[in-house]
2 protein chains.
Amino acid sequence: MKLSKKSEYGLRALLELTLVHGKATLQRHDIAARQRIPVEFLEQILLTLKRAGLISSRRGVNGGYILIKQPNEITLGQVIRILDGPLAPIGCVSKTAYQKCSDCPYANKARCPVQQVMGTVRDAIAGILDHYSLADFAADHPKS
Amino acid sequence: MKLSKKSEYGLRALLELTLVHGKATLQRHDIAARQRIPVEFLEQILLTLKRAGLISSRRGVNGGYILIKQPNEITLGQVIRILDGPLAPIGCVSKTAYQKCSDCPYANKARCPVQQVMGTVRDAIAGILDHYSLADFAADHPKS
DNA sequence: ACTGTTGTTGATAAGATCACTTTACTTTAT
DNA sequence: ATAAAGTAAAGTGATCTTATCAACAACAGT
């Protein structure tokens, strides 16, 4: 039930971008320094987030990264799904990326006890992470 | 946020043992066949559960495995912690196996926004899995 | 005591994932 | 033109997952 470093770093990076949203751009090494993330790994993460349409970048002198959505439009759930895949503990209870468990001895979905519990766990996790936006996230942040 | 196969198989195996609890013992190949688990992997899992004191085994002809606790005394949370480690998404919010994040830029725990959200996620997951016992689990099972 | 069944242990290994690192290329402002 | 900055792909070592295999130990029933 672990969150990967990738997602954690991604969330921290987006937090920094949210804090300067509308005011400035941030370069990768700024983000890396403020959140103590290895720069090269961060690059990979930012690239993924860019492909997903959450941020955009500008090259050259005075370049950097910016959010291209409003902070209250991006939920932590979305970010984690982009970086880590589905929130569900097992594939057969994922709503965004369902896949049936080939080896499950219960032909009918409703009959599998594991699936039932994990379904409620999924709903609990998604209920929190899909209703928590970057804006909420930044609001929890101590003022520098 | 994934549950490992190990935990999933472990839960399925314990489910079978719960279904025959007080009535019979089950041999490893019985459990493996009923839940379609590779026998050798299952053995490893059963051994871990045995060391943790949830089950015991008997050798020789007519041997097998049995639960040595009452099904309502074993929660799914306990089982997953034994097989997969802490339920918390990140180490710094685990209550059973806390470890501080060395690289976190926020010296004070209360100030880290990631930690705050993940703390609520942990509580939600634990709230479900620590209040759901093998007995509840078996009650959801379709009668053969 | 023997025999067959079962449990225990340890070694091994393919494959995936994680957390980066390296290298090379492209774009932009001046 | 050039230096600063971002883009992109490939590679790497460590660890984890998911097993598989073989050898050995223990036990029950005859």
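Lettering of chains follows the sequences in order, A, B, ..., and the numbering in each one begins at 1.
In terms of the side-chain hydrogen bond (donor to acceptor under 3.5 Å, both in side chains) criterion, residue partners of A:D123 (sequence neighbours excluded) are, by chain and number, A:K95. Looking at residues two or more places apart in sequence or on another chain, you find a side-chain contact (heavy atoms from CB on, under 4.5 Å) between B:Q44 and B:F41. For A:S94, the side-chain hydrogen bond (donor to acceptor under 3.5 Å, both in side chains) criterion is met by no residue, not counting sequence neighbours. By the ring-ring contact (aromatic ring centres under 6.0 Å, His included) test, B:Y132 pairs with no residue at all, sequence neighbours left out.
Taken from CD1 in B:I90 to CE in B:M118, the straight-line distance is 6.0 Å, to the nearest 0.5 Å. In this structure, B:I37 CD1 and B:K5 NZ are separated by 10.0 Å, a value rounded to the nearest 0.5 Å.
For the pair B:D30 CG and C:dT5 P, the computed distance is 15 Å after rounding to whole Å. Rounded to whole Å, the distance from NZ on B:K2 to P on D:dC16 is 18 Å. In this structure, CD1 of B:I45 is placed 9 Å from C1' of D:dT18, rounded to the nearest angstrom. Following rounding to the nearest Å, A:I90 (CD1) and D:dT18 (C1') show an atom-to-atom distance of 17 Å. One interatomic measurement links the two molecules: CG of A:L42 to C1' of D:dG6, which rounds to 12 Å at whole-angstrom precision.
Sorted by first and then second residue, the pairs that involve residues 15-24 of chain B and meet side chain to side chain donor-acceptor pair (under 3.5 Å), not counting sequence neighbours, are B:E16-B:Q35. For residues 69-96 of chain B, there are no ring-ring contact (aromatic ring centres under 6.0 Å, His included) pairs, not counting sequence neighbours.
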Quiz: residues 51-76 of chain A side-chain donor-acceptor pairs under 3.5 angstrom, not counting sequence neighbours:
{"from": "A:S57", "atom 1": "OG", "to": "A:K50", "atom 2": "NZ", "distance (Å)": "3.1"}
{"from": "A:E73", "atom 1": "OE1", "to": "A:Q70", "atom 2": "N", "distance (Å)": "3.3"}
{"from": "A:T75", "atom 1": "OG1", "to": "A:Q78", "atom 2": "N", "distance (Å)": "3.2"}

Check residues 80-89 of chain B and write down every donor-acceptor pair under 3.5 Å in which the side-chain atom is one partner and the other belongs to a residue at least two apart or another chain.
{"from": "B:R81", "atom 1": "NH1", "to": "B:D130", "atom 2": "OD1", "distance (Å)": "3.2"}
{"from": "B:R81", "atom 1": "NH2", "to": "B:D130", "atom 2": "OD2", "distance (Å)": "2.8"}
{"from": "B:D84", "atom 1": "OD1", "to": "B:S4", "atom 2": "OG", "distance (Å)": "2.5"}
{"from": "B:D84", "atom 1": "OD1", "to": "B:S7", "atom 2": "OG", "distance (Å)": "3.3"}
{"from": "B:D84", "atom 1": "OD2", "to": "B:S4", "atom 2": "N", "distance (Å)": "3.2"}
{"from": "B:D84", "atom 1": "OD2", "to": "B:S4", "atom 2": "OG", "distance (Å)": "3.2"}
{"from": "B:D84", "atom 1": "OD2", "to": "B:S7", "atom 2": "OG", "distance (Å)": "3.2"}

At a cut-off of 3.5 Å, list every protein nitrogen or oxygen paired with a nitrogen or oxygen from nucleotides 6-8 of chain C, distance to 0.1 Å.
{"from": "C:dT6", "atom 1": "OP1", "to": "B:Q27", "atom 2": "OE1", "distance (Å)": "3.0"}
{"from": "C:dT6", "atom 1": "OP1", "to": "B:Q27", "atom 2": "NE2", "distance (Å)": "3.4"}
{"from": "C:dG7", "atom 1": "OP1", "to": "B:G64", "atom 2": "N", "distance (Å)": "3.4"}
{"from": "C:dG7", "atom 1": "OP2", "to": "B:R28", "atom 2": "NE", "distance (Å)": "3.1"}
{"from": "C:dT8", "atom 1": "OP1", "to": "B:K50", "atom 2": "NZ", "distance (Å)": "2.1"}
{"from": "C:dT8", "atom 1": "OP1", "to": "B:S57", "atom 2": "OG", "distance (Å)": "3.1"}
{"from": "C:dT8", "atom 1": "OP2", "to": "B:Y65", "atom 2": "OH", "distance (Å)": "3.3"}

Distances for protein N/O vs nucleotides 12-19 of chain C N/O pairs under 3.5 angstrom?
{"from": "C:dA19", "atom 1": "OP2", "to": "A:K5", "atom 2": "N", "distance (Å)": "3.1"}

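End-to-end axis angle of the helix from C:dA1-D:dT30 to C:dT30-D:dA1, using five pairs per end and rounding to 10°, comes to 10°.
A:D136 places none of its side-chain heavy atoms less than 4.5 Å from the side chain of A:D140.
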